[in-house]
There are 2 protein chains.
Amino acid sequence: MRQQDPSPASAGGRLAEAMQRGDVFADLCPSREVLNHVTSRWGVLLLVALLGGTHRFSELRRKVRGISEKMLAQTLQSLEGDGFVDRIAYPVVPPHVEYRLTPLGQEVGQRVEALADWIELNLGEILSARQARQATQASVE
Amino acid sequence: MRQQDPSPASAGGRLAEAMQRGDVFADLCPSREVLNHVTSRWGVLLLVALLGGTHRFSELRRKVRGISEKMLAQTLQSLEGDGFVDRIAYPVVPPHVEYRLTPLGQEVGQRVEALADWIELNLGEILSARQARQATQASVE
DNA sequence: CCGTATCCGCGCCGATACTG
DNA sequence: CAGTATCGGCGCGGATACGG
């Protein structure tokens with residue numbers, strides 16, 4: 001191994017430890033499954049949307065523009081299954097259903113938003129780094 | 001809209017604002033593309049691995065158990081393209097190539113690790129929440 | 001209004017073989 | 001050692017239609 005001092009930049013969390021054992025990568029690993037739900041295409045956006053408070057099905061559909069009913073229902077179910085969202089159905093006609101984050105969901109949602117927001121904030125720097133590299137490439141060939 | 005007070009739980013970042021305009025969801029949106037790279041199946045694991053320091057291609061292949069050469073090369077290229085990793089090739093035979101995080105990559109990597117580690121830490125609570133809900137289901141039907 | 005069911009195309013990704 | 005090239009399965013997810 002190249003260097004095993006545990007504190008150069010990252011302070012190595014449990015994930016880093018688990019990587020050594022190789023048991024993070026089995027796709028059936030529960031934490032990988034949860035991570036996939038959370039970082040999935042629509043999971044990220046739904047968590048951010050729900051950080052804004054309780055929403056109805058149709059409200060989420062409008063707010064998360066471009067999502068199909070199928071994926072909205074499916075993603076909400078997976079997040080509900082992980083205990084991140086609560087589904088509250090009022091027995092009226094026409095049906096009225098509300099979704100909101102559980103305390104657990106708010107915690108994970110904040111971390112997801114922290115990541116997404118960082119990217120949004122630093123997008124300029126990221127893209128200009130891309131430019132610089134393309135210029136280098138051009139001068140080489 | 002149900003509630004628009006901007007400070008119940010999340011303090012709403014730029015992402016939340018952008019969602020209203022609907023320009024976060026275009027799949028060609030650059031920030032969505034970067035987010036997809038970072039949260040992709042192997043992107044997460046590579047960033048965490050590289051938080052541990054510089055690695056060679058074959059070292060990453062061993063550390064991130066289960067990844068194919070194709071996906072390793074491909075994911076590393078996308079991360080390099082976003083300015084998150086540096087690729088250093090030494091012109092010797094046999095070839096010797098090292099990968100390490102840029103300062104930008106360390107920042108994003110820390111946020112990814114924060115998310116992944118939180119899940120790992122709270123996995124017990126997540127799974128027991130699932131249990132509780134299944135028990136509820138069983139008693140209902 | 002809030003979903004479920006079905007069909008199906010497209011792209012991700014693993015396997016394999018090959019190059020510098 | 002460090003990749004690229006090519007093929008092929010299969011699952012994600014969009015479109016559509018239907019039910020409570």
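The sequence lines fix the lettering, A, B, ..., with proteins before strands; numbering per chain opens at 1.
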Checklist line | CA sep, side-chain torsions, deciding dist, call: Arg41(B), Arg32(A), side-chain contact (heavy atoms from CB on, under 4.5 Å) | finding: CA-CA 9 Å; Arg41(B) 181 172 180 206; Arg32(A) 281 287 307 164; 3.3 Å; yes
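For dC1(D), the OP1/OP2 oxygens have no side-chain nitrogen or oxygen of Tyr99(B) closer than 4.0 Å. Within the 4.0 Å cut-off from OP1 or OP2 of dG14(D), at least one side-chain nitrogen or oxygen of Arg41(A) is found. A sub-4.0 Å separation between OP1 or OP2 of dC12(C) and a side-chain N or O of Gln74(B) is absent.
The interatomic distance linking Met71(B) (CE) with dA2(D) (C1') rounds to 17 Å, in whole Å. Between the CD atom of Glu59(A) and the C1' atom of dG3(C) there is a distance of 16 Å, rounded to whole Å. Protein atom NE2 of His55(B) is 16 Å distant from nucleotide atom P of dC1(D), rounded to whole Å. As rounded to whole Å, 13 Å separates atom C1' of dG3(C) from atom CD of Glu80(A).
For the pair Ser40(A) and Glu69(A), both in contact range of DNA chain D, the more 5′-proximal nearest nucleotide belongs to Ser40(A). A residue-by-residue look at Lys70(B) and Ser58(B) shows that Ser58(B) has its nearest nucleotide of DNA chain D further toward the 5' end.
Residues Arg56(B) and His96(B) have side chains that bring a donor and an acceptor to within less than 3.5 angstrom of each other.
Which of dG3(C), dG14(C), dC1(D) sits closest to the side chain of Pro95(B) comes down to dC1(D). Distance from the side chain of Phe57(B) is smallest for dG3(D) among the nucleotides dG14(D), dT4(C), dG3(D). Which of dG3(C), dG13(D), dG3(D) sits closest to the side chain of Arg87(A) comes down to dG3(C). Which of dC1(C), dG3(D), dG13(D) sits closest to the side chain of Arg56(A) comes down to dC1(C).
Panel note: side chain Arg111(A), backbone Arg111(B); no donor-acceptor pair is recorded below 3.5 Å.
Note on Tyr90(B): nothing from the nucleic acid sits closer than 4.0 angstrom, heavy atoms only.
Atom CZ of Arg100(A) has 12 or fewer heavy atoms from other residues, nucleotides or ligands within 6.0 Å.
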